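So that the names make sense, note that chain A is the first sequence line, chain B the second, and so on, each numbered from 1. Just so it is clear, the model here is predicted, and its values are computed rather than measured.
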Protein chains: 4
Amino acid sequence: MGNYVERTWDSIEVGESASFTKTVTETDLVMMAGISGDFNPMHVDEDYASKTQFGGRIAHGVLSCTFISAVLGTKLPGPGCIYGGQEVSFRAPICIGDTVSAVATVEEKFTKKDGKLKFLKIKTEVIIDKAVRIPDNTGKVATTGYATILMLK
Amino acid sequence: MGNYVERTWDSIEVGESASFTKTVTETDLVMMAGISGDFNPMHVDEDYASKTQFGGRIAHGVLSCTFISAVLGTKLPGPGCIYGGQEVSFRAPICIGDTVSAVATVEEKFTKKDGKLKFLKIKTEVIIDKAVRIPDNTGKVATTGYATILMLK
Amino acid sequence: MGNYVERTWDSIEVGESASFTKTVTETDLVMMAGISGDFNPMHVDEDYASKTQFGGRIAHGVLSCTFISAVLGTKLPGPGCIYGGQEVSFRAPICIGDTVSAVATVEEKFTKKDGKLKFLKIKTEVIIDKAVRIPDNTGKVATTGYATILMLK
Amino acid sequence: MGNYVERTWDSIEVGESASFTKTVTETDLVMMAGISGDFNPMHVDEDYASKTQFGGRIAHGVLSCTFISAVLGTKLPGPGCIYGGQEVSFRAPICIGDTVSAVATVEEKFTKKDGKLKFLKIKTEVIIDKAVRIPDNTGKVATTGYATILMLK
């Protein structure tokens, strides 16, 4: 059977951080549209998108959320917990060719039901490490918000 | 050029609703893992997942968010607006074979900066129309929350 | 910029091990055929495959190699080294629905050119954790061999 | 039923050769990462990869193995035999945009168990026909090694 490290609530410290980095490609936009059904022209119609204020196709906002899911689901806290909720604000567009990092940082540990349910509040940001089509976006926060995680151990 | 209906803030009424429905397949889980990098074993390791309280692989929570993105991005309000933010709670697991509907319902219209910026607050739910592996989940709300949309017209 | 842990040759010990686990799906076979061009009927023609000694479609042998690549490229040793070579024997077929683990275990550390080039010899096995269509294959080694890795640090 | 030519061991001559050619695209890298779980930054993080000695993302070594699988599985010897094993050395990086050919050449025919098991030893090379990002790599051997094939007829 798969050999997974399952973190405990006790072992996790406020301030602990992890990240996942990937270059966003045209393929990601095409496949995201195909899975989701979100064929909004900003993501799949270059002719339309090039005439908007963004100057070309931009990634689905929710694509950045999938990278948050990756860092939470594989690194911090990783396997063995339940993703309770997420809030995000979309601040800057991610373009094809941009390299982005989803960064998760534990902000708070709390419990409910007399300590029986153990939670983490995790700050989740997607940062544009390197923006290609709109170079000024390098370093900007594309997506910011918080995740709520229920720990099972 | 593509022929898109771009809704105006004025034309949209509180209570207006739209939906997007899809059966979630194993392919969706495989591709979601592949795009996002989220290879959490709950989504890709049936041997592991079958031994958890969920009894088998479940969809990434964020997959349900992509269906919300679809209904917002293609139907209500559709092209020509900006997805400002989203908050979601994950309430019930979506399994392979389940048919789900993302439902968007306009809850509130508001403005900022003396009426210059026009927003919609949209209730967003993903409902399990038909649950296959866990039949009791039929009719349950898998994901619930709110989207904030900035209208450009 | 992405935050990666790059292991050094000195830090790695003989006997160290890591694994990557995934359920093999029909989607993987379809996509592997699509990327590679390997449309051998054993992988894409169920009618043909069902009449062979394997009783149905089996995964491309090279799919198991991609899981070896995953454990080497992301876990042991992970980023910052060069994949010099691989030898594999294909011992048992992997079927759709099987859950498999690629396991990498450091077997030997060696150098070339008066110690200037530092290498790892890593035993690489893909084990069938749970076989679905041919239950007797549970626990069998599907693929076995060795990887040679050039460490850059 | 599918109409396949299944070669016999007797019909195959030492020196016989076949090839499969394809241009490697960014999509191939994205999908290879997605199937395999190998998100090593050399393959998916352009910002990181551009700062290495390779100057940008390179294809997974195992992607070249999938092209070997294609030529073996569809052309020489094609359907009706068993892929027993493969050894490869990775010699030169394949970049996005490069056109490569996997070439299989029968090097030796041999038998085991008093002639009951009939094998081919096939030299397998992946050659860079046209290198785009690193033009000097045109004509280089990216991957070289040998395949062992068990013939069923």
Side-chain angles (χ1 to χ4, degrees), chain A residues 1-2 4 20-22 24-25 27-29 31-45 47-49 51-54 60-63 65-74 78-91 93 102 143-146 148 150 152, chain B residues 1-4 20-22 24-25 27-29 31-45 47-48 51-54 60-63 65-74 78-91 93 102 143-146 148 150 152:
Chain A
M1 184 174 159
Y4 303 105
F20 171 76
T21 304
K22 178 176 161 167
V24 172
T25 68
T27 304
D28 294 306
L29 272 68
M31 292 176 77
M32 176 56 64
I35 294 172
S36 68
D38 186 353
F39 283 77
N40 183 293
M42 278 309 302
H43 313 306
V44 301
D45 180 343
D47 184 39
Y48 169 94
K51 293 164 186 160
T52 69
Q53 77 269 37
F54 294 115
H60 302 74
V62 74
L63 181 63
C65 300
T66 74
F67 303 147
I68 292 171
S69 180
V71 68
L72 297 174
T74 66
C81 53
I82 290 174
Y83 196 179
Q86 178 74 47
E87 55 172 279
V88 287
S89 295
F90 301 118
R91 299 275 179 84
T143 303
T144 187
Y146 292 91
T148 305
L150 171 62
L152 296 179
Chain B
M1 184 174 156
N3 181 22
Y4 302 105
F20 171 75
T21 303
K22 177 175 161 166
V24 172
T25 69
T27 303
D28 295 307
L29 272 70
M31 292 177 78
M32 177 54 64
I35 294 173
S36 68
D38 187 353
F39 280 75
N40 184 292
M42 279 310 303
H43 314 306
V44 302
D45 179 345
D47 185 38
Y48 168 94
K51 294 162 186 161
T52 68
Q53 76 269 37
F54 294 114
H60 302 74
V62 74
L63 181 63
C65 299
T66 74
F67 303 146
I68 293 171
S69 181
V71 68
L72 298 173
T74 66
C81 53
I82 291 175
Y83 197 180
Q86 179 74 46
E87 55 173 280
V88 287
S89 294
F90 301 119
R91 298 275 178 85
T143 303
T144 186
Y146 292 92
T148 305
L150 172 62
L152 296 178

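Between B:G37 and A:T74, the closest heavy-atom pair is O-CG2, 3.8 Å. For the pair B:S36 and A:A70, the tightest heavy-atom approach, listed with the atom from each and the gap, is O-CB, 3.2 Å. The two residues A:C65 and B:V62 have their closest heavy-atom pair at CB-CG2, 3.7 Å.
Interface remark: A:L63 contributes side-chain atoms only to the contact with chain B (heavy atom separation under 4.5 Å). Interface remark: A:F20 contributes side-chain atoms only to the contact with chain B (heavy atom separation under 4.5 Å). Contact of A:L152 with chain B is made through the side chain alone, with heavy-atom distances under 4.5 Å. Proximity to chain A (any heavy atom under 4.5 Å) is shown, for B:Y48, by both the backbone and the side chain. Interface residue B:I82: only side-chain heavy atoms are found under 4.5 Å from chain A. With a threshold of 4.5 angstrom between heavy atoms, A:M42 does not approach chain B through any atom at all. Using a 4.5 Å cut-off between heavy atoms, A:Y146 makes no contact with chain B at all. At a 4.5 Å heavy-atom cutoff, the contact between A:Y83 and chain B is made by backbone and side-chain atoms alike.
Listed options A:P79, A:S89, A:A33 were ranked by heavy-atom pairs under 4.5 angstrom with chain B; first place goes to A:P79.
With rounding to the nearest 0.5 Å, the separation of OG1 in A:T66 from CE in B:M32 is 6.0 Å. Atoms OG and NE2, on A:S69 and B:H43 in that order, are 5.5 Å from each other to the nearest 0.5 Å.
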**Study point:** CA sep, side-chain torsions, deciding dist, call: A:F67, B:D38, side chain to side chain contact (heavy atoms under 4.5 Å, CB included)
**Key:** CA-CA 7 Å; A:F67 303 147; B:D38 187 353; over 6 Å; no
